[in-house]
There are 2 protein chains.
Amino acid sequence: MAGFTSRDVARLAGVSQSTVSYVMSGRRPISADTRKRVQAAIDQLTYQPNAGARALASQRTQVVGLVVPFGPAGDTTALLPFIETIASCARDNDYDVLLVTADEGTAALTRLAGRSLCDAIVLMNIAAADTRLPVAAASRIPVILIGIPDDPLGLPCVDLDYPEAARLSVAEAAAAGHDRVVVLGWSAEEVARGANYVGRFERAAVEAAAAAGLEHLAVSPVEVSREGARAAVAEALRIGGPRPALLVPASSAVPWVVQALTERGVVPGRDVTVVALCTDAAAMATVPPVTNVSTEPRDVSARAMQTLFRLLERDRETPPGGVELVAPRLTRRETTLTPP
Amino acid sequence: MAGFTSRDVARLAGVSQSTVSYVMSGRRPISADTRKRVQAAIDQLTYQPNAGARALASQRTQVVGLVVPFGPAGDTTALLPFIETIASCARDNDYDVLLVTADEGTAALTRLAGRSLCDAIVLMNIAAADTRLPVAAASRIPVILIGIPDDPLGLPCVDLDYPEAARLSVAEAAAAGHDRVVVLGWSAEEVARGANYVGRFERAAVEAAAAAGLEHLAVSPVEVSREGARAAVAEALRIGGPRPALLVPASSAVPWVVQALTERGVVPGRDVTVVALCTDAAAMATVPPVTNVSTEPRDVSARAMQTLFRLLERDRETPPGGVELVAPRLTRRETTLTPP
DNA sequence: TTGAAAGCGCTACCAA
DNA sequence: TTGGTAGCGCTTTCAA
């Protein structure tokens, strides 16, 4: 089928090979007649330019490298909307996505950049003190972080506004008339990895609770499993007083927490308020649907790609980094306590 | 940091550029001394070969294209283990993975092959009469299917052995002492798309039930949602008699079916048997853990990649297609009816 | 055992 | 408005 080169097209159209190139790139004015003949030849041969040759000559691969946290770590489930959105944004901008697993660590970065496999890199699941950052910052190509480290080293970052998520959660608890909020905290893995958002959420939750005159309590870490959720719920109910509001920031623990409550005969929305931090889809999948602050993986990804392409267009010498925060939204569903 | 070429390495090592190439590829005997000097130069410059140039010269990209069913269709959740395994197998064989979304349809295939973006393609989520197959079969590069169409057109396929999955499920029902099995069937989307495994499972279920002397009933399609599951469960209990065994082949519906049963006070493992077709992870995530026939996404992916690399090594002229089936396993958990 | 050199198929510069 | 041509950085043949 394929196998034709721009020389074949040129020959068939009766023009020079460089003219074919210019017709494709539009980087030079071409007479209507010539363009027509060349286009006809392209169509006839179903010509497609060789990506390797193009990359070699132009120093651009039209590929974005995506480093995803497969392997040991990772909210392996919440990952898909990120990947999907990134792939889709890439295609919209005429880029492809090269998928690399994070277990390669630093080597992935040096390989992607060193071999000119891509024009830019998206790095996910950033730890507070991520060892890949120095390498990323020294990279020849732009790197954008999804997640915020303690020190971004000048790299652009995009993430959910976790402090705002905490504030929204606490505000919902206050509005529902609670006087205590219990944060059913993060997984041990997230804490161990040093995910920065753990602290960002926590501090904001404490502050917001104080400002609203609520007592703030925490159960952490929470093991993400049935038993872990049962234990956490037991503890939360023990320390939370008669009518606690439960904030559940670890999205993968949400279904289990709701289960554990229900098992004990504690009905969310009647006996306690539950506010989860998870995607809207996940919130609607629990029984009953849980009031949630959305994590907006699609928005976060889209913003990251948008910023990345700005960096890529305004080739070089753009103001480097900066932190972009995506606003979460709270949606009240069936687990917010309502006055009878 | 980077930006060095093999010429730089050659100069530093005092050899010709082609010698550097041969040291890297090992395609020519090199004296120990020369190799040592070249390797030292490579290390010193942290030289990495340019992927585009290499692809252009060698006609090999060391990239596998992966077409994933994002977008409208898709068990969007069950996708991750496939992607992860494929990426991991690829790296083990010194390949990278280019991720393409299926919404490009046929264009994705022609682009990947036509532009020489990759050396082979993995196509997921195959419909019974998939319109991409003719294009795939005519492709210049190997294409492997995860899933089995009605006519593979000579393309290699790998998939779970769904007939065997049906047989295992029915055998479990029989062993638990039931005299009726009700299949809570597939989603309307899967049926509409014409997923081949729907029919493969169904036919085997009917046959196995007949052979075991069980009555076979079906509720299909099942809407994958809380309400859909409730309706399906109501219908299943209506037609299923006093002690039905429920087979749930649509993995995404499993948690909802279990929920719906529990809501009605019907306890899986005490009142009915539930056998799900899903990953072991998903089976253990329900309450109670559900007896399941595993879908083995990692095994299926690994087998596909193994076959793909065989095709890629034994360059050209290997016997083309063939269908590989991966055996499912049944794990009895807490939803198999046990005699009191 | 090694070097020189001819491409691979494209982009982009220099002329016309 | 177009053509000729010099690379891009590698692999691989042909000579030595």
Side-chain angles (χ1 to χ4, degrees), chain A residues 2-39 41-42 45-63 94 111 113-119 140 315, chain B residues 2-39 41-42 45-63 94 111 113-119 140 315:
Chain A
F4 290 113
T5 74
S6 59
R7 276 190 47 178
D8 299 318
V9 174
R11 215 171 352 238
L12 184 58
V15 299
S16 80
Q17 191 250 32
S18 62
T19 296
V20 174
S21 176
Y22 284 116
V23 166
M24 298 214 67
S25 69
R27 292 179 162 286
R28 180 196 251 189
I30 300 281
S31 76
D33 176 57
T34 303
R35 189 201 320 290
K36 208 149 295 175
R37 291 215 318 287
V38 170
Q39 192 56 54
I42 287 173
L45 302 180
T46 63
Y47 164 72
Q48 300 201 245
N50 179 293
R54 177 174 273 189
L56 181 57
S58 68
Q59 310 281 43
R60 302 191 117 241
T61 60
Q62 298 295 116
V63 169
D94 205 34
R111 194 165 54 85
R115 313 198 146 194
S116 297
L117 280 162
C118 57
D119 298 330
R140 206 163 34 85
D315 227 338
Chain B
F4 289 113
T5 74
S6 59
R7 277 191 43 179
D8 299 319
V9 175
R11 213 167 358 232
L12 183 58
V15 299
S16 80
Q17 188 249 35
S18 62
T19 295
V20 175
S21 176
Y22 282 117
V23 167
M24 299 214 65
S25 70
R27 292 180 163 288
R28 181 195 251 188
I30 301 281
S31 75
D33 176 58
T34 302
R35 189 202 319 291
K36 210 149 294 175
R37 291 215 319 286
V38 170
Q39 192 56 54
I42 287 173
L45 301 180
T46 63
Y47 164 73
Q48 300 201 245
N50 179 292
R54 177 174 273 191
L56 181 57
S58 68
Q59 311 283 40
R60 301 192 120 240
T61 60
Q62 297 295 113
V63 169
D94 205 35
R111 193 164 55 85
R115 313 198 142 190
S116 297
L117 280 161
C118 57
D119 299 330
R140 205 162 34 83
D315 228 339

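Numbers restart at 1 for each chain; the letters A, B, ... are given by sequence-line order, proteins then strands. Fair warning: this is a prediction, and the values are worked out from it, not measured in the lab.
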First and last nucleotide of DNA chain C in contact with chain A, 5' to 3', at under 4.0 Å to a heavy atom: what are they?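 Both ends considered, the range comes out as C:dG9 to C:dC14.
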
Can I get a per-line list of side-chain donor-acceptor pairs under 3.5 Å for residues 28-35 of chain A, giving both atom names and the distance, sequence neighbours left out?
{"from": "A:Ser31", "atom 1": "OG", "to": "A:Thr34", "atom 2": "N", "distance (Å)": "3.2"}
{"from": "A:Ser31", "atom 1": "OG", "to": "A:Thr34", "atom 2": "OG1", "distance (Å)": "2.8"}
{"from": "A:Asp33", "atom 1": "OD2", "to": "A:Arg37", "atom 2": "NH1", "distance (Å)": "3.0"}
{"from": "A:Arg35", "atom 1": "NH2", "to": "A:Ile30", "atom 2": "O", "distance (Å)": "3.2"}

Residue whose nearest DNA chain C nucleotide is more 5′ - B:Ser18 or A:Val20: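 Going by which nucleotide is closer to the 5' end, it is B:Ser18.
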
Return whichever of A:Thr19 or B:Tyr22 has its heavy-atom-nearest nucleotide of DNA chain C closer to the 5' end.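 It is B:Tyr22 whose nearest nucleotide is closer to the 5' end.
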
Could you check whether A:Ser58 gets within reach of a base, just the sugar-phosphate, or nothing at all, counting any heavy atom under 4.0 Å?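 Sugar-phosphate, no base atom in range.
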
Classify the nucleic acid contact of A:Ser6 as base, sugar-phosphate or nothing, counting any heavy atom under 4.0 Å across all strands shown.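 Sugar-phosphate, backbone atoms only, no base.
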
Is any side-chain heavy atom of A:Val20 closer than 4.5 Å to one of A:Val15?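 A side-chain contact under 4.5 Å exists here.
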
Would you mind reporting whether A:Arg115 and B:Arg54 have side-chain heavy atoms less than 4.5 Å apart?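 A side-chain contact under 4.5 Å exists here.
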
So which of residues 49-56 of chain B are in contact with DNA chain C, with a heavy-atom cut-off of under 4.0 Å?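 Nucleic-acid contacts, sorted: B:Leu56.
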
side-chain hydrogen bond (donor to acceptor under 3.5 Å, both in side chains) partners of B:Gln59, counting only residues at least two apart: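 If we apply the side-chain hydrogen bond (donor to acceptor under 3.5 Å, both in side chains) test to B:Gln59, skipping adjacent residues, there are no hits.
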
Could you list where the contact with chain B starts and ends along DNA chain D, reading 5' to 3', using a 4.0 Å heavy-atom cut-off?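 Contact span on the strand: D:dG9 to D:dC14.
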
DNA chain D contacts among residues 27-39 of chain B, heavy-atom distance under 4.0 Å: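 Nucleic-acid contacts, sorted: B:Arg27, B:Arg28.
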
Holding to salt bridge (charged side-chain N to carboxylate O under 4.0 Å, His left out), I want the full list of residues that pass it with B:Arg11, two or more places apart in sequence or in another chain.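 Salt bridge (charged side-chain N to carboxylate O under 4.0 Å, His left out) list for B:Arg11, sorted by chain: B:Asp8.
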
Once side-chain contact (heavy atoms from CB on, under 4.5 Å) is applied, do any residues pair with [X], and if so which ones, sequence neighbours excluded?
{"X": "B:Ala55", "value": "B:Thr61"}
{"X": "B:Leu56", "value": "A:Asn50, A:Ala53, A:Leu56"}
{"X": "B:Ala57", "value": "none"}
{"X": "A:Ile42", "value": "A:Val9, A:Met24, A:Val38, A:Gln39, A:Tyr47"}

Give the minimum heavy-atom separation between B:Gln48 and A:Arg111, together with the two atoms involved.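 So the minimum-distance heavy-atom pair works out to NE2-CA, 3.8 Å.
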
Looking at every heavy atom in both B:Ala13 and B:Ala41, which two are closest together, and how far apart are they?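 For B:Ala13 and B:Ala41, the tightest heavy-atom pair comes out as CB-CB, 4.0 Å.
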
How bent is the helix from C:dT1-D:dA16 to C:dA16-D:dT1, comparing axes over its five end pairs at each side, to the nearest 10°?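 The two end axes of the helix from C:dT1-D:dA16 to C:dA16-D:dT1 meet at 40°.
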
